[in-house]
Structures are given as C-alpha cells and as structure tokens.
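Just below is one structure, and these are the notes that go with it.
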Amino acid sequence: TAKAARFVVNGLPLYLDKKTPTYVIFDTGLSGMAVSEELFEGRNMQARKNREKSLWGEVSVAFETRAGSEVELTATKPITTPLGRDTPWTRFKGNLIVLGLAFLDGTAMAIDIDSGRLQFSR
C-alpha cells in the first residue's frame, strides 16, 4: 500500500483531496484498475466536461517513497471499474486506487515482508 501523490488521466490531473487520503493497492490478480466511486465519478464528470473520447486513456499514478523520491506507474487504456459501496474496508475513510498488471507491464515488483518494503525495477 502506498499513498497517492498524483493521479493523471489523459494528461489531466484528477483532484485528490489532501484531507481525505488516497491509497494505492497493488493487486497482481487484477488486469486493469479499480477505483473508489468518488474518483470514478469525478473522472467521468471531467471527461464529459472536456468531451474526451476515452474515459481512461493514458493513466498515470504517482506515489512517494519513504526516502522522499517519487515512483510513477502508467498504463494505456486499463480496464477500469468502480469499487462500489460493498468493499471489505468498511471503516476506511478515504479513496482507493487498486492497480493491476496493466501498470506493472515490464516492471518487476519485489516485496520484503520483514522490512515492510516494496521495490520496483524495470
């Protein structure tokens, strides 16, 4: 899990409220991406307002590391669904972005459970 710093779709940043955290979850059992309903609806409104042809064309999600650097993962036209209200995280207050294999294409992900570290390499 990581805290999202930026969420950009088709070159347009999607607003992430600083008061409400947005977390990124990595799920290798997911092909594309799943997002909280609030983010899904916000993106839908943004795309309609701008008359975009593709709702989820070029998607980029950035998050900060503990060391202070930034990691950015991107995908082209990931299959995207809203998480819906029936999630297992009933006490969670915030937004979720679940990234699947479309964002990990060409990237190796290593998780060190003992030290609580996640590492990406290309």
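Residue numbers count from 1 along this sequence.
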message: Between Gln46 (side chain only) and Pro13 (backbone N and O only), is there a donor and an acceptor less than 3.5 Å apart?
response: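 Yes.
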query: Within the side chain of Thr22, is there an N or O that forms a donor-acceptor pair under 3.5 Å with the backbone of Ala4?
result: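 Between the backbone of Ala4 and the side chain of Thr22 there is no qualifying donor-acceptor contact (under 3.5 Å).
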Minimum heavy-atom distance Gly94-Ser36, with the two atoms named: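 For Gly94 and Ser36, the tightest heavy-atom pair comes out as O-OG, 4.3 Å.
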task: Kindly give the heavy-atom pair with the smallest separation between Pro78 and Gly32, and that separation in Å.
output: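 Taking every non-hydrogen atom into account, CB-CA, 4.1 Å.
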field: Contacts of type side chain to side chain donor-acceptor pair (under 3.5 Å), residue Thr76, not counting sequence neighbours
entry: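 Result, side chain to side chain donor-acceptor pair (under 3.5 Å) vs Thr76: Glu58.
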query: In chain order, what residues pass the side chain to side chain donor-acceptor pair (under 3.5 Å) check against Thr28, with sequence neighbours excluded?
result: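 Expected list: none.
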Could you go through residues 113-122 and list every donor-acceptor pair under 3.5 Å that involves a side-chain atom there, pairing it with any protein atom two or more places apart or in another chain?
unit_1: Ser115; atom_1: OG; unit_2: Asp112; atom_2: OD2; d: 3.1
unit_1: Arg122; atom_1: NH1; unit_2: Thr107; atom_2: OG1; d: 2.9

message: For a 4.5 angstrom cut-off between non-hydrogen side-chain atoms, does Asn44 reach Leu55?
response: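 Asn44 reaches Leu55 side chain to side chain.
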[X]-[Y] co-clustered via ILVMFWY side chain contacts under 4.5 Å:
| X | Y | answer |
| --- | --- | --- |
| Phe26 | Leu39 | yes |
| Tyr23 | Val8 | no |
| Val98 | Val61 | no |
| Leu12 | Trp56 | no |
| Ile97 | Phe40 | yes |

task: Check salt bridge (Lys or Arg N to Asp or Glu O under 4.0 Å) between Glu72 and all other residues, then give those that pass, not counting sequence neighbours.
output: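 Testing Glu72 for salt bridge (Lys or Arg N to Asp or Glu O under 4.0 Å), a comparison that skips the adjacent residues, returns Arg6.
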- prompt: Who passes salt bridge (Lys or Arg N to Asp or Glu O under 4.0 Å) against Glu52, sequence neighbours left out?
  reply: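 Per chain and number, Glu52 pairs via salt bridge (Lys or Arg N to Asp or Glu O under 4.0 Å) with Arg43.
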Point-to-point distance, once rounded to the nearest 0.5 Å, from [atom1] of [X] to [atom2] of [Y]:
| X | Y | atom1 | atom2 | result |
| --- | --- | --- | --- | --- |
| Leu16 | Lys3 | CG | NZ | 10.5 Å |
| Ser60 | Phe103 | OG | CZ | 8.0 Å |
| Leu14 | Met45 | CG | CE | 10.0 Å |

- prompt: For Leu99 and Asp27, what are the C-alpha separation, side-chain angles and deciding distance, and is it a side-chain contact (heavy atoms from CB on, under 4.5 Å)?
  reply: CA-CA 6 Å; Leu99 300 180; Asp27 184 352; over 6 Å; no
query: Taking only residues two or more places apart in sequence, or in another chain, which ones meet Thr81 in a side-chain contact (heavy atoms from CB on, under 4.5 Å)?
result: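 Thr81 satisfies side-chain contact (heavy atoms from CB on, under 4.5 Å) with Ala34 only.
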task: Kindly write out the residues that satisfy side-chain contact (heavy atoms from CB on, under 4.5 Å) with Lys77, not counting sequence neighbours, or none if the list is empty.
output: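 Only Ser54 meet the side-chain contact (heavy atoms from CB on, under 4.5 Å) criterion with Lys77.
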- prompt: Which residue pairs pass the ring pair (Phe, Tyr, Trp, His ring centres under 6.0 Å) test when at least one of the two sits in residues 65-85, sequence neighbours left out?
  reply: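 Sorted result for residues 65-85: empty, none.
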message: What verdict does the side-chain contact (heavy atoms from CB on, under 4.5 Å) test give for Leu30 and Leu101, after you've listed the backbone C-alpha separation in whole Å, the side-chain angles of each residue and the deciding distance to 0.1 Å?
response: CA-CA 6 Å; Leu30 180 67; Leu101 294 175; over 6 Å; no
- request: Please report the C-alpha distance between Phe7 and Val35 in whole Å, then the side-chain angles of each, then the deciding distance to 0.1 Å, and finally whether the side-chain contact (heavy atoms from CB on, under 4.5 Å) criterion is met.
  value: CA-CA 11 Å; Phe7 188 26; Val35 297; 4.1 Å; yes
